[in-house]
Amino acid sequence: MPPTLASLVHHSALKLTVRAGGDRLDTPVRWVHASELTDPVPYMEGGELLLITALKLDAEDADAMRRYVKRLVGAGVAGLGFAVGVHYEEIPGALADAAAEEGLPLLEVPRRTPFLAISKAVSAAIAADQYRAVTAGFAAQRELTKQALSDGPEGLLSALASQVDGWAALYDASGAVVATAPEWAGRRAARITGDVERLRERAAPASSVVGGDPADGEDRVELHSLGTGRRARAALAVGTAAALGTAERYAVHSAIALLTLTTERSRSLYAAEQRIGAAVLRMLLAGQPDHARGVAGDLYGGLLDAPYRMMLAEAASASAGRARAGSGDGGGDGEVDASGIEAAAAVLADAGGDLVAGLVEIVESAAARSGEAVLVVPDGERLVVLAADGGAVVAACARYAETVGIARSGSEQGTDEDELVVGVSAPAGPIAAGAAYKQAEQALSVARRRGRVLVEHEEVATGSVVPLLADDAVRAFADGLLRALYEHDATGRGDLVASLRAWLSRHGQWDAAAADLGVHRHTLRYRMRRVEEILGRSLDDPDVRMELWLALKATSAATTVVGAGSE
C-alpha cells in the first residue's frame, strides 16, 4: 500500500498532530512538496502533502485562508502540513477553520521535525511499496510461467484471475472465446466480443478499457491484443472491480508475454510449416501419396488418413487477371509455386481487412478449436486449403462465405474487399489429389462466373452445362458464328435463326420442325439451304450442328444465368 496521511501521523519519529480533516487520513500521499508561494497550485499535480511555514501568507485573514484552502482542495492536494514555532507559535485559527470547512486534512509539524524528515519518510514508504509491488510481480510471473508450462493457457488464466482478484478470458483470431477463468466468467467474456473485434481492427499491439462504472455494477475490463505481427493473433481480457495496482499490472504484462509465446507462431516457424505444407501438396498432386504422408508426419498426417476437401480461394480481381492471362500460370495444371511461399505466408499473416486473409484466420481458428489438422498453402494470390470432409473447417468456410455473400448483396457498390471466390472439390483421398485440385479449380471458375462467393464441385457436376455457356469467350464465339444470320433476318427477308433453332431441336425432322414454325416443309428446306450458303457450312456435319446448337443456347442462356447468379 502507498503511504497515507494516517501512516505519517502514526510515524513515531515525526510527531505530527491532526488539527483538521481527521476523517480523511486514509488519503494516499503521492509526494511531499514544500512551498511558501501564496498560490502554489500551478506547480502541483495532485496527491501531494504540502508543507508550509506561512512565510508569505496572511494566515490570520479568514477570507484569504478560505480562498487559499479552496484552491488547494480543487488541485487535489492530499493534506497540508503547518510548521509551528517558525513564523507562528501555533496554527492560526483562520487557517484551521478554513481547513475544517473544506475537509482538508491539516497536520501540525513541530519545530524539531524538519520538512526533510517528512520527505524522507514518504520517499522511503513509496520505495518500499514499489519494492513490494515488484517482488509480488516477479512472484506472479513465476506462478504464471509455472501454470503456463504445466496446464497451458487455461492454467495461466486461472493464475492470472487469482492474482488480479477478478477474471480473465482468451480470444482467438476470429474473436471467439477460447478459455475463461473462473468458469463463471464465460458470459461476461462473451458480452464483449464486439469490443474484441474492434480491437483486432487496430494495428498490434493495442489495448483498450471497457466498462468500469461502479454505479452500474460493471467490471472494469482491460483488453490487450496478442501477437507480434501487424494483425493480432489473439486477445486477452482482464476484468476487475477497480483499476489495477502495480503488482497486478506486472501480472497482466507477464500474462501478455507468456500468452504471446504460446499463441503466436514465429515467422520462421510459420514459414517452415508453409514449406512443409507446400511440399506435401506438391507430392499429392504429383501422385506420390506415400511420400506425402511421410513428409507430413504428425503435422498433417492425420489429414491424409480420411476423405478431405480441397479448397481454392482468391480475390475476384486476381481471378479475373488469371483468366485473362490464360493457362500460363502453374495453377491451372495443379502446380504449387514454392518459390514465394515465405513471402506469401508473411503477406497472409499480416494482411489487414483482406477477405482471403480473413479466410485464413477462420480456417486456423476452426482447426484450433476442433483439434482438426488443416493444410493451408499460399500459392501466389491463390490460397489452397486441405481440410477434413464434413469437419469444422469446411463448415466454418461455408459460414464465412455465406456472411461475405450477404454483405456483398447488401452493398450498393462492391469494393476490392468484397471480392472473394472459393471453389470446393468433392470428397477425395490422397491418390485423387490431382483430380480434387481440378474439381476445386472448376468450381472456382463457376463461382467467379456466377458472381458467387463459394461453389462446391457437386453443384457443377449435377447441374446443367447451359449456365456455363454464359462465359464471355463462349458468348463472343456464339455472336460471331450467328451474326450473319441475325443480319439477314434484320432485313426482313426471312426468319433463319428461328428456323435453325426449330430444325435442330427436332433433330432434323422436317415435318415436325415445319409444324412448329407453321410453315410448309419445302419452305423450311429452302431456309436451311440459305443457312448453309450464308454460313458456308454443311448441316450434314454433326460438329457443325453441335456448334450451332450451343451458339443458340449461349445467346439465350445469358439472361437466365445472370438472373440466377444474382439471387
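Numbers here are sequence positions counted from 1.
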### Task
Output, in order, the C-alpha distance, side-chain angles, deciding distance and verdict of side-chain contact (heavy atoms from CB on, under 4.5 Å) for L157 and T180.
CA-CA 7 Å; L157 290 180; T180 61; 5.8 Å; no
### Message
Pair L170, L156 - check side-chain contact (heavy atoms from CB on, under 4.5 Å), show working.
### Response
CA-CA 10 Å; L170 180 64; L156 187 151; over 6 Å; no
### Query
Would D389 and V394 count as a side-chain contact (heavy atoms from CB on, under 4.5 Å) if you check the C-alpha gap in whole Å, the side-chain angles of each, and the deciding distance to 0.1 Å?
CA-CA 7 Å; D389 177 44; V394 174; 5.8 Å; no
### Query
Is there a side-chain contact (heavy atoms from CB on, under 4.5 Å) between Y526 and H522 once you walk through the steps?
CA-CA 6 Å; Y526 170 76; H522 294 312; over 6 Å; no
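Taking NZ of K553 as the reference point, atom OG of S505 lies at 9.5 Å (rounded to 0.5 Å). Distance check, rounded to the nearest 0.5 Å: CG of L535 to CD of E532 gives 9.0 Å. For the atom pair CD (E456) and CE (M311), the distance works out to 9.5 Å, reported to the nearest 0.5 Å. Atom CG of D489 sits about 8.0 Å away from atom OG of S499, to the nearest 0.5 Å. Atom CG of L420 is separated from atom CZ of R452 by 13.0 Å, given to the nearest 0.5 angstrom. For the atom pair CD of E402 and CG of L454, the computed distance is 10.5 Å after rounding to the nearest 0.5 Å.
A side-chain contact (heavy atoms from CB on, under 4.5 Å) with P427 is found for one member of H457, M310, E458 and no other, namely E458. Under the side-chain contact (heavy atoms from CB on, under 4.5 Å) rule, E314 has a single partner from V421, V384, V422, which is V421. The only option from Q509, R506, R501 that meets the side chain to side chain donor-acceptor pair (under 3.5 Å) definition with D516 turns out to be R506.
Annotation: side chain of L359 is in contact with side chain of C397 (closest heavy-atom distance under 4.5 Å). The side-chain heavy atoms of L284 and L304, taken from C-beta on, include a pair separated by under 4.5 Å. Looking only at side-chain heavy atoms (C-beta outward), L160 and L236 come within less than 4.5 Å of each other. At least one side-chain heavy atom of L552 sits less than 4.5 Å from a side-chain heavy atom of L500. Residues L504 and L548 form a side-chain contact, since some pair of their non-hydrogen atoms from C-beta on lies under 4.5 Å apart. L303 has its side chain within reach of L375: a pair of non-hydrogen atoms, C-beta onward, lies under 4.5 Å apart. Side-chain contact between R537 and E547 is present, with heavy atoms from C-beta onward closer than 4.5 Å. You'll find the side chain of L496 stays beyond 4.5 Å of the side chain of Y486, heavy atoms only.
Put simply, the side chain of D172 never gets that close to the backbone of A234: no donor and acceptor are under 3.5 Å apart. Proximity of a side-chain donor or acceptor of R309 to a complementary backbone N or O of S425 within less than 3.5 Å is detected. Judged by distance alone, the side chain of Y171 and the main-chain N or O of A189 form a donor-acceptor pair under 3.5 Å. Distance alone, capped at 3.5 Å, is enough to place a donor-acceptor pair between the D541 side chain and the D543 backbone. T403 places a side-chain N or O within 3.5 Å of a backbone atom of R399 that can act as its donor or acceptor partner. Panel note: side chain T260, backbone I256; a donor-acceptor pair is recorded below 3.5 Å. Side-chain atoms of Y400 do not come within 3.5 Å of backbone N or O of I362 as any donor-acceptor pair. Here the side chain of E372 pairs no donor or acceptor atom with the backbone of A387 at under 3.5 angstrom. A distance-only check finds a donor-acceptor pair linking the side chain of S225 to the backbone of A206 [under 3.5 Å]. Side-chain atoms of E222 never come within 3.5 Å of backbone atoms of V238 as a donor-acceptor pair (strictly under, hydrogens ignored).
Between D305 and R293, at least one side-chain nitrogen of the basic residue sits less than 4.0 Å from a carboxylate oxygen of the acidic one, meeting the salt-bridge criterion. For R188 and E183, the salt-bridge test fails: no basic side-chain N is under 4.0 Å from an acidic carboxylate O.
E154 pairs by the side-chain contact (heavy atoms from CB on, under 4.5 Å) definition with A179, not counting sequence neighbours.
The environment of CD1 in I431 is sparse: at most 12 heavy-atom neighbours from other residues, nucleotides or ligands sit within 6.0 Å. Atom NE2 of H488 is surrounded by more than 12 heavy atoms from other residues, nucleotides or ligands within 6.0 Å.
Of all the heavy atoms in A279 and V295, the pair that sits closest is CB-CG1, 4.5 Å. Residue V374 comes nearest to A367 through the heavy atom pair CG1-CB, 3.5 Å, listed as atom of the first residue, atom of the second, then distance.
Between W503 and W510, the ring-plane angle classifies as tilted under the 30° and 60° cut-offs.
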